[in-house]
Every structure is written in structure tokens, then in C-alpha cells.
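A quick write-up on the structure given underneath.
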Number of protein chains: 2
Amino acid sequence: MSDVAKEAQVSRATASYALRGDTRIADDTRRRVLLAARKLRYSANLSARSLRSGKSGIIGVAIFELDKPYPAQMSAAISRQINAHGMQAIIQQTSNSKQDEVSILRHVTSQLCDGTIFSPGSITNEEMQELADGKPLVLLDDPSAEPVFDSVMTAGFEGAAMAVRHLLDCGCRRIGVVGADMADSTDPVQRHSVRGRRVAGCLKTLKAAGIEARREDFLSLDRWDGEMARDLGHHLADTTDLPFDGIFCMTDSLALGLIRGLHECGVEVPRDLAVVGFDGIQEGESYIPSLTTISTDKEDLARKAVDALLARLQGDDDNRPPTRTTAGCRLVVRESTARIR
Amino acid sequence: MSDVAKEAQVSRATASYALRGDTRIADDTRRRVLLAARKLRYSANLSARSLRSGKSGIIGVAIFELDKPYPAQMSAAISRQINAHGMQAIIQQTSNSKQDEVSILRHVTSQLCDGTIFSPGSITNEEMQELADGKPLVLLDDPSAEPVFDSVMTAGFEGAAMAVRHLLDCGCRRIGVVGADMADSTDPVQRHSVRGRRVAGCLKTLKAAGIEARREDFLSLDRWDGEMARDLGHHLADTTDLPFDGIFCMTDSLALGLIRGLHECGVEVPRDLAVVGFDGIQEGESYIPSLTTISTDKEDLARKAVDALLARLQGDDDNRPPTRTTAGCRLVVRESTARIR
DNA sequence: TTGAAAGCGCTAACAA
DNA sequence: TTGTTAGCGCTTTCAA
């Protein structure tokens, strides 16, 4: 920077101000400095700036497996949104391991990022608060009953309710749910989780339709993983009498795995039963059959998350209570529920 | 750090050495320092460390669209590999825009990362060299004729040759190629690109089989995008006589889009023609029909890329010529080529 | 084996 | 409107 200042015949401080567009600097001076900077191909040292000012212009995005479609598409959308605000986005993978979550918060988020959009796995609010070290965090699908951080939620309750409503509208009467326990909607720990809210939505619609939900209609899985759903499909198809004519899966990946598993055993969707997913991943559109789903509006989610973070960053009032917004979602009807009643 | 030093009753310098495991510090002293650090929940300030030492322990991964399966799965693998070496990985999206590529190199890579694994889009070697500012770069599928940086390649030539060989083995005689021009293998600019190498592989196998390649069997697309392939599928299916009995697609995403497009017009894979993709994305496994593909070994690619970067980082000899390695790949035969001859 | 002290490149308070 | 100057928290040279 000294070189730039010398070239522009000003002091280092003036150069610093001019480069960052401080209004106190005269237009003419600023122009001279910018010219000099361009000429010398100068760009400010991030470490030094960050050390001194505590700001880096970098926003972190921390999310579980990036090789799964939903988190990948979500973080891509958030990253674009951050760039649109002139900041740099860096994405990190928590791999659903607490150790990685802690390490990211401790070594990158709190150190380097002005703020982070975080998809919490097994870490607690207390741990986050300590590790974030005062840097603002916006959580995606925060499962806490008492929010401590700003968060953006997916519309689990409304979405699942719509999904089951749609299955009923398609004429389904024996509805199964894949990826959760019926008890998840009442369990104090699971209740506010993605899973709990989606189950609650299912139950609401079933109840409204006068259908009694039964525990055995909820098929839990150890992980939300397409391979597990595929195995479940085999298992379901092999039971002598198919117990369901419609299935709601907690995620699109589960739905696609399930459809594949059923297919491998001769049960076809939508011919033999209807399937609805949740998330709206791109893959569902070109799958055969294409997947009916509750599609979360990822642009909307990204916008709300980034806006919440920027509000905190510019925030005059650091102590205002955490906000909680919900991303839009809509039912996208495709082939997987195209049943002749 | 002063606090830690005081707590451990040593000087700040000693604390610094002890924390980083310098051998000069007596075991006993080190233990005292580590204990103090833990007690005070101290962790070193990244900006300060990086400003002073020029090292951050962070490796960058810059890749085009993260919402596409192949780059997402690749960067996830690289990120895990970096973590396995005890370093932090940050992923950035170039969105295939030169502006983003420049911005990432200028503001993050050269400033913050000890090195970067970079998937070049439209940026030139000269620009990278200037922007990287001495920080090592490892390129993924570097298209340059004269490499300037270390790089890891996918086995485009061998893979494509295998793919077409497999189509021939399945009894296909009228083979189409989707996503490239025949001229790409000879065009001086495209020749070393992913596209050019894959086309060259096709041509080699065809020639060896005594089949003359025709320009019109190569169906170019503006972008490697599933939607474009889907449209192409419509178009192909609508021609009175299906011109191909086997198609090799430049990528799995193209293959899935194409199969879907054909399906929408009543042409079924593999019944009416066989399709092979390239990349080995997870989605191909559970698609209906499951996709035969040339699967790039992503773990191998990640390992080679990270090893090359670490070698440069520890490198005694900064001037040794750039290395170029190739990731393994294998033919994975699935339903999309299961034809009765 | 440890400590004192300089300084990485920048920003921001203060002075002019 | 611009310049002077004191650090931000750490690492590393040099001296003890």
C-alpha cells in the first residue's frame, strides 16, 4: 500500500480511505489513488485488513454432505446470493460430524468469516455460542425449541400436510411415511426438528381426513439415505400384500431410492402406488418416473438466510431477539403420483 | 496469547513455540502451556498467524456449479481428503464465469489459502499465474498444451475408448456421440480439453473397429446440461428413423437427460438403443434404467490432487516442472446398455 | 531452552 | 480534506 500511496502522492492512510471509498476523500484524490492501485495491480492483504478491522468480507456456509443433491443445491443457491451482495462465499462440509462442526466454527467461522450460515447437526446452541465468538450465525432448520440464533426454516409442517393431502386427492387411502417415526412429532427432542415438523404435518392432514394414523405406517430409517430407502423398497415389495397405495418420503433422495428399490422387485410407481418426496431436488424432474415433491424454494431460502445475516452484520441492535423465517414451498405434481383412481 | 503465557508462566514466544509443537521447548514447559491454553479456551487468531507467517492451514477448492452432481461429488471428495491431512478445506463456486474465477483467485486463494485446487473455466494460465501470487495451484483437467501448473486429469481418452468399445460389444453399430463435435479432437484449442480427449478416445475405438466416424454422428450442445440433452432426446425420437442404436454421452448428466427426453417420446433405453455416460455420478446408480458409465475414481482423483498440492507446499524445489497425473476410471455396466443382441 | 523485541500490512483515532 | 501514529495478535530472529 505504501507503493500505491507514493505513486498517488498521498499518505498510506489516505490511500486506505480512498481505496475503500470513504467519503471524506476528495474525488480527485480518490481517482489518483485508484489509478495508482490499478497500475501497480495492488489488492489489499486480507489477513492484515481482517486482523486490524475484524472484517473480511467473507461469509461462510457450513453444511452436511456436499455430495448429496439437496445440500449441494442449497449451498450453491446461498453462495450465489452472497456473491450477489458483493461478498465472498466459502462453503464447508460438516459431514454430519460434531468434530468437523466444532472445527469449522473454531478455526474458520469465528476467525475468518464475518458471519456464517450454518446447518446444525449434532452441536448444541451453547457450544455454537461459545465457538462463534460473537460472530453472527444464521441456522438452517434450527431444531431448538428456544431459538438463540436467527434461523430460516423449511416449511416442514405445511409441506408435509400438502404432500399427504395430495396423496389423498389422488385416491390413496393406505398411506405410508418413510424416514420417520410417528412419535417424532411429539418427542420433546425431535419435535421441532425437520423430521418432527414433517411428521406433524402428515398427522394433521390424516386427522382432518378422518384417517387414523397407525405407528406401523411410519417406516423409520437409520439415515436419510437413498440406499437405505432402496433396501426398504425391496422389503416392502416382498411382503405378500402391498400395505400402501401411497407413500410420503421425508426427502426426495429417499423417494428416488424407494422407487428404484420397488422397481427392482417388480412394483412400479405410479402404477402400483403413488410416491411424494420433499425438497425439490433437480434430479426429481428427470427421473423416470418424474417425482412429485414438495419443493422448497431455494432462492427464497437463500435470500432470507443472507438477509438475516446481513441485518445482523449491519445491526445497530445486537441484542434484538433472534428472528425465525420460513422459506416458501410448493407442491410440484409429476408422474410419480399420476394414478388412475 | 499473552494470557496463556502468563497462565503458564512463560513468555509469549515460548507459548507460541509450545503451541505449535516446536521441538526446542522442553516437554514439561509445553505441557504447562497446552494446559493453560485449554483452560483459557485459547485458539490462535488466524488472521494474525497468517499475516505474520504467510500460512493459514487452509486449502481452497474452486469449482464450477456446485449444484451439478459431478462437481459436487468431486469437491466433497477433495474436501474430505484435505481434512484427512489435518487442514481446513473451503469450497468456492466459480459458476463458470471468468469474473468469479478472477475474484476467487485474487481475494481468497492468493490471500488466504496456502494453496488451491482449481478447476479452470475461461481463465488463462498467464492470468492464473499472476493472480495466484506465488501460491501453488493444482488444476483439474487442465486444458493447456503446455502445462504451467500441476494438474490431475480424468482419463478422457481411455475412458471414452472403453465406452465406445462397450457399445460395440453390446452389438451397437450405429453409434452417436452427444455433447461434442468430431472436430474437437483436432481443434488446436479444444484438443487437450476434456471434450477433445473424450472425442479422440471415441474415434480411436471406432477406427480400430473399422467403423468410419461421420461428422453428423456427433451431436454438439451449447452447454453440458441435462435439459439440453432432454431436448435433444425429443428431437432424436421425433426423426422418423432412429439414426443410432448406441449413444455415448460426454457426461452422466447428459445421459440421464437424454434418456428422459427419449422416454418422453416413446423411445426406451435400453430397449431401443443403448446409452453410456461418463463421470460415475451417484444418481446414475438409482436411475431407471440405471446408467452404464465410465466412472472416474473420485477418491483417487482427490488423493492425487491433494498430494500434488502438499508436495508443492512442502517443496524444497519450487522450480521443478509441473506434474500431470491421471485419475483412475472404470467401466461400470448397468441397465442402460443391457441389450439383447 | 527461553525471553525480548521487531514487524507482517493494514485501519482508525486523532491531530493538523 | 489529509497526514501521523499506534496498534490488531502473532511469529521469528537474535540474544541470553
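By convention in this document, chain letters (A, B, ...) are assigned in the order of the sequence lines, proteins followed by strands, and residues within each chain are numbered from 1. Quantities reported herein were computed from a predicted structural model and do not represent experimental measurements.
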Next item on the list: For the pair B:K304 and B:D307, evaluate salt bridge (Lys or Arg N to Asp or Glu O under 4.0 Å) and give the outcome as yes or no after the intermediate values.
Entry: CA-CA 5 Å; B:K304 283 173 172 153; B:D307 286 352; over 6 Å; no
Item checked: A:R32 with A:E7: basic N within carboxylate O range, under 4.0 Å -> no
Item checked: Interatomic distance, A:D28 CG vs D:dT2 P [rounded to whole Å] -> 8 Å
Check: Checking only heavy atoms, does the side chain of B:Y17 share a donor-acceptor pair with the base of D:dT13 at less than 3.5 Å?
Finding: yes
Next item on the list: Can you tell me the distance, in whole Å, between the CZ atom of A:R32 and the C1' atom of D:dT1?
Entry: 12 Å
Check: How close or far is atom P of D:dT11 from atom CG of A:L51, stated in whole angstroms?
Finding: 12 Å
Item checked: Atom-pair distance (CZ on A:R12; P on D:dG7), nearest Å -> 15 Å
Next item on the list: Would you mind reading off the distance between B:R52 atom CZ and D:dG9 atom C1', rounded to a whole angstrom?
Entry: 11 Å
Note to self: What contact category does B:I25 fall into here, base, sugar-phosphate, or nothing, at under 4.0 angstrom with non-hydrogen atoms?
What the structure shows: sugar-phosphate
Checklist line | Between D:dC10 (P) and B:M1 (CE): distance, integer Å | finding: 6 Å
Next item on the list: Just call it for B:S2: base, sugar-phosphate, or nothing, with non-hydrogen atoms closer than 4.0 Å on any strand.
Entry: nothing
Note to self: In the structure I gave you, are the side-chain heavy atoms of A:R49 and A:K55 within less than 4.5 Å of one another anywhere?
What the structure shows: no
Next item on the list: Name the nucleic acid region contacted by B:S47, choosing base, sugar-phosphate or nothing; use a 4.0 angstrom heavy-atom cut-off, strictly under.
Entry: nothing
Next item on the list: Round to the nearest Å and state the distance from B:L19 atom CG to C:dT2 atom P.
Entry: 13 Å
Margin query: Closest approach to the side chain of B:A48, judged atom by atom: which nucleotide of D:dT13, D:dT2, D:dG9 is it?
Written below: D:dG9
Item checked: Residue B:R20, side-chain heavy atoms: nucleotide from C:dT2, C:dG3, D:dT11 that is nearest -> D:dT11
Item checked: Pairwise side-chain contact, B:R312 with B:D150, heavy-atom cut-off 4.5 Å (strictly under) -> yes
Notebook entry, point to check: How would you label the contact of A:A26 with the nucleic acid (heavy atoms, under 4.0 Å): base, sugar-phosphate, or nothing?
Noted result: sugar-phosphate
Item checked: Spacing of CG belonging to B:D279 relative to NZ belonging to B:K298, to within rounding of 0.5 Å -> 7.0 Å
